[in-house]
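Let me begin by presenting the structure, written as C-alpha cells, before commenting on it.
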Amino acid sequence: KAVMEGYGQRLMRGRFPQVVLFIEIEPDQVDVNVHPAKQEVRFKKAAHVFDQIRSAIDKALSPPAHGQIIKKDIWRSQPFQVHEPETCLWSHDITPTPQPPGGFVPLPQEIASMALFEPEIRIVGQLGKTYILCETHHGLLIVDQHAAHERILYEELKASMAESGLEIQRLLVPVEIELGQKEARVVEENVETLKTLGIEVEHFGGQSFLIHTIPALLGNIDPKEIVQNLILTIKEGRPGGGELVYNLLEVMACHGSVRAGQDLSYEEMVGLISRLKEMKLPTNCPHGRPITRHLSYRDLEKMFKRIV
Ligand SMILES: [Zn+2]
C-alpha cells in the first residue's frame, strides 16, 4: 500500500509496479517473533516505515524541480539549427540532474518530464490536433494536450478547494436536469459534496433538479453533462480507492480540459506547456496516463540508421 501511495497518480488504474525495496533498519526495530517460520516480521514503528517508503518512492519518481519558464520568443529569435554530432553543443546522452539518490534509473516518462524542464523548449506545432510537438536540446518532446490540461485543471481545482473553497460561477439561467429515481437519490444524498465541488443543485419537484452554479475554473463545460458524470462516479464507487471528492475532481478536470481534436493556437500551446511545468506531477494525468513522451536524437539516429 505504501508503494502504491508513493506511485500515486503515476500509474494507470489496475496496473501495479514491480518494486525491489531495500530497507535498512536498526535490528531492534523489527520484531521477528510474529511468525513461527519467520515468513513475516513486524516493524515496531510500522507507520513510520510506511511513511518512509511512500515518500522515498514519491521522491524517486519526481522530476527535478527547475521551474524554468519557457522562452516565448525563442521560435522567432532562434532559427532551427541542425548540429552535426561532432559540433553538437550538447551531449546526446540524457544525463538528468540532479540524480535522485540510490542509483535510480529514470523510466522513459521520467526522461520525458525532465525534457520538459529544459531551459529552452521550442514549440514546433500541433500534430493531429492532439499532440503538441516541442524541440528540446535532446530531441523531440511530444505532449498529449488533453492529458496535460487535465493535470493542470486537477491540481488547480484541488489547490483552490483546499485554500478557500472552489470559486463558483453562477449560471445566468439555472439549468434544469431530469434524473432517474436512483440518480435523483444520489444527488439528494450528495448535495453537500456537490456544493464542495462548486456545484449547487436544488430540488425542483419530482426527480427534477436545478443546477445553479459550476466551478469558475471549468469555464465552458456543459452543466448537465458534468452533473451526470459526477452522479455516475458516485454510483460506481471509487475505482482507485482514495477519497471520493478527489475522484470527482478528476471527473471535472477531464470534462473541463481541451479535448483531443481541438485546435490550439501557438499562445495556447505556450501557456499549456509553461503551466504544466509548474505542476507537482507533470508526468501523468490524474488517471495515470503519461502526459509526455520523448524521442531523443539518439532514437532518431537509430531510426534513420545514422548510427547502428
Ligand atoms: Zn486522464
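For reference, positions follow the sequence shown, starting with 1. Counting starts at 1 for both ligands and their atoms, following the listed order.
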N, O or S atom within H287 nearest to the Zn ion (ligand 1), by name: ND1
Metal check, the Zn ion (ligand 1) vs C285 N/O/S, cut-off below 2.8 Å: yes
Presence of N, O or S from E150 under 2.8 Å of the Zn ion (ligand 1): yes
Where at least one partner belongs to residues 187-196, residue pairs that pass salt bridge (charged side-chain N to carboxylate O under 4.0 Å, His left out), sequence neighbours excluded: none
Shared-cluster residues of L232, by chain and number - hydrophobic side chains joined below 4.5 Å: none
H255 NE2 to L153 CG distance, which is reported to the nearest 0.5 Å: 12.0 Å
Crowding at NZ, K1 (>12 non-hydrogen neighbours, <6.0 Å): no
